[in-house]
Engineer: 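Take a look at the following structure, please.
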Number of protein chains: 2
Amino acid sequence: MATRIQQKNTAAILEAALDVFSTNGFRGSTVDQIARAAGLSKPNLLYYFPSKEAIHTALLDGLLEAWLDPLRALDEAGEPLSEIVGYVRRKLEMSRDFPRESRLFANEIIQGAPRIAPYLSGELKTLVDEKSRVIRRWVADGKIAPVDPYHLFFSIWALTQHYADFNVQVHAVLGSEDIDPYPDAEAHLELMFTRLLRP
Amino acid sequence: MATRIQQKNTAAILEAALDVFSTNGFRGSTVDQIARAAGLSKPNLLYYFPSKEAIHTALLDGLLEAWLDPLRALDEAGEPLSEIVGYVRRKLEMSRDFPRESRLFANEIIQGAPRIAPYLSGELKTLVDEKSRVIRRWVADGKIAPVDPYHLFFSIWALTQHYADFNVQVHAVLGSEDIDPYPDAEAHLELMFTRLLRP
DNA sequence: GTCGGTTTTGACCTGTTGGTCAAAACAGGA
DNA sequence: TCCTGTTTTGACCAACAGGTCAAAACCGAC
């Protein structure tokens, strides 16, 4: 249905918008900014998306879907500790490979989640509830040390997303733009959760 | 020097601005919004602060000072594990008692720290470098388990600030606006760092 | 090449925003 | 009470932002 030009331009717009929205927030971004970054004129951009809001929504919709995948992959049948550490690793990889998406999400939540509150208390909560039961079962079976499953998940999110959302601070404190904090971060997080959960 | 009226109004403005900036970011906030929240007219507000930028700067300056205090209190002469757990506890209390300040800071960092980059690689880095040496000494003396000091601090910041910055998500996932997540959070974090650092 | 649909653009409109200014209202001490 | 400095305000401005529109440019099938 969509022509080649349409595909190319909508992709360019979403790419540019991700850049702009993730560093300036929704209200802090302008349509002109996005248009320039996408190499289009403002009216031309508005030919592809009816409004600034629509671009933002399109980005969020795409993001929220992908956001849950790593947690979905947490397998009750697997070896508990390595399942959880694997989840941590996947989340950290997402932080490294998609930092703009992480910041887009963070911006949204910090500002009170005006547009994604239903998602949080809907899909997200449902999935977390479900996986929390898995964690509890593992604890009950003595396969991992006792832990509050909800705060376990909060910890994982906080720790992994920190490296994307606060990367400016991480680099400033480490003292060099050039070193890659992720290898050390991965080792550190693996250590943390292993020590926490080892029965 | 300042009259009673001046004191009252500048205080009201800063209080209102903290509310507005922390939930909307700098560009997302308007002077009118702040003025209304402070119970003043816009020109009246601009009689006390020369510009929107000036209000924001005043807030950040006040914040950055207080931000370092809990870390400064980390005492090399104390008992290592309880010093670190104490630091975690202080940071978590700040998250609970000053969530708007935390979000103001988070907004700033996420958006690339345009106005506080010097602080990050200056005062903050200096202090972290210093305290990292303390951590390393504790590790070398076998008083705590081996750990990367920088990533230890990142972990503490990420975990504690998460409860302020992402509190909407925390409450959505926990399922009720009314329960206070902090008691459980504190227990969880104490457990985490104890298990991580116990020699 | 021509023709229909697609894509692009310049000009424009409306509401908002940060900020100014001169004048009015309001202290409160002499 | 009056007088001087402080505080407050309504009216205003220029820049900017989101969005519209009609016309122009462009494309690919015939």
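Chain letters run A, B, ... following the sequence lines, proteins first and then strands; every chain starts at 1.
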Engineer: In residues 14-28 of chain A, which ones come under 4.0 Å of DNA chain D, going by heavy atoms?
Structural biologist: none

Engineer: Evaluate the criterion side chain to side chain contact (heavy atoms under 4.5 Å, CB included) for residue pair B:Val170 and B:His162; output intermediate values, then yes/no.
Structural biologist: CA-CA 9 Å; B:Val170 168; B:His162 186 84; 4.1 Å; yes

Engineer: Can you check whether A:Arg4's main-chain N or O pairs, donor with acceptor, with A:Gln7's side chain at less than 3.5 Å?
Structural biologist: no

Engineer: Within the side chain of B:Lys131, is there an N or O that forms a donor-acceptor pair under 3.5 Å with the backbone of B:Leu74?
Structural biologist: yes

Engineer: Using whole Å, report how far CG of A:Leu46 lies from P of C:dT6.
Structural biologist: 19 Å

Engineer: When you check the gap from the basic side-chain N to the acidic O, do A:Glu108 and A:Arg103 get nearer than 4.0 Å?
Structural biologist: no

Engineer: When the axes are fitted on five pairs at both termini, how much does the helix from C:dG1-D:dC30 to C:dA30-D:dT1 curve, in 10° steps?
Structural biologist: 10°

Engineer: Taking B:Ser102 for the side chain and B:Ser95 for the main chain, is one N or O donor matched with an acceptor at less than 3.5 Å?
Structural biologist: no

Engineer: Checking the side chain of B:His171 only, and the main-chain atoms of B:Asn167 only, is there a donor and an acceptor separated by less than 3.5 Å?
Structural biologist: yes

Engineer: Does a salt bridge link A:Asp141 with A:Arg137, judged by any charged N lying under 4.0 Å from a carboxylate O?
Structural biologist: no

Engineer: Scan residues 47-59 of chain A for pairs that pass salt bridge (charged side-chain N to carboxylate O under 4.0 Å, His left out), counting only residues two or more places apart or in two chains.
Structural biologist: A:Glu53-A:Arg115

Engineer: At 4.0 Å (heavy atoms only), tell me whether B:Tyr48 reaches a base, stays on the sugar-phosphate, or touches nothing.
Structural biologist: sugar-phosphate

Engineer: Taking any atom closer than 4.0 angstrom to a non-hydrogen atom of chain B, what span of DNA chain D does the protein reach, first nucleotide to last?
Structural biologist: D:dT6 to D:dA17

Engineer: Hey, does the side chain of A:His188 reach the backbone of A:Asp184 with a donor-acceptor pair shorter than 3.5 angstrom?
Structural biologist: no

Engineer: Would you mind reading off the distance between A:Gln6 atom CD and C:dG5 atom C1', rounded to a whole angstrom?
Structural biologist: 11 Å

Engineer: Determine whether a donor-acceptor pair (N or O, by modelled atom type, separation under 3.5 Å) exists between the side chain of A:Asn107 and the backbone of A:Ser22.
Structural biologist: yes

Engineer: Could you tell me the separation between the NZ atom of B:Lys52 and the P atom of C:dT16, rounded to a whole number of Å?
Structural biologist: 16 Å

Engineer: Please check: side-chain N/O of B:Arg195 versus main-chain N/O of A:Arg195, any donor-acceptor pairing under 3.5 Å?
Structural biologist: no

Engineer: Does either side chain, that of B:Tyr47 or that of B:Asn9, offer a donor lying less than 3.5 Å from an acceptor on the other one?
Structural biologist: no

Engineer: Tell me if the centroids of the rings in A:His151 and B:Tyr163 come within less than 6.0 Å of each other.
Structural biologist: yes

Engineer: Main chain of B:Asp19, side chain of B:Thr23: is a donor-acceptor contact present, judged purely on distance under 3.5 Å?
Structural biologist: yes

Engineer: A:Gln7 CD to C:dT7 P: how many Å, rounded?
Structural biologist: 11 Å

Engineer: Polar atoms only, N or O, under 3.5 Å: list the protein pairs with nucleotides 28-30 of chain C and their distances.
Structural biologist:
none

Engineer: Okay, side chain of A:Asp148, backbone of A:Tyr150: is any donor-acceptor separation there less than 3.5 Å?
Structural biologist: yes

Engineer: Which residues, if any, of residues 36-44 of chain B bring a heavy atom under 4.0 Å of DNA chain D?
Structural biologist: B:Ser41, B:Pro43, B:Asn44

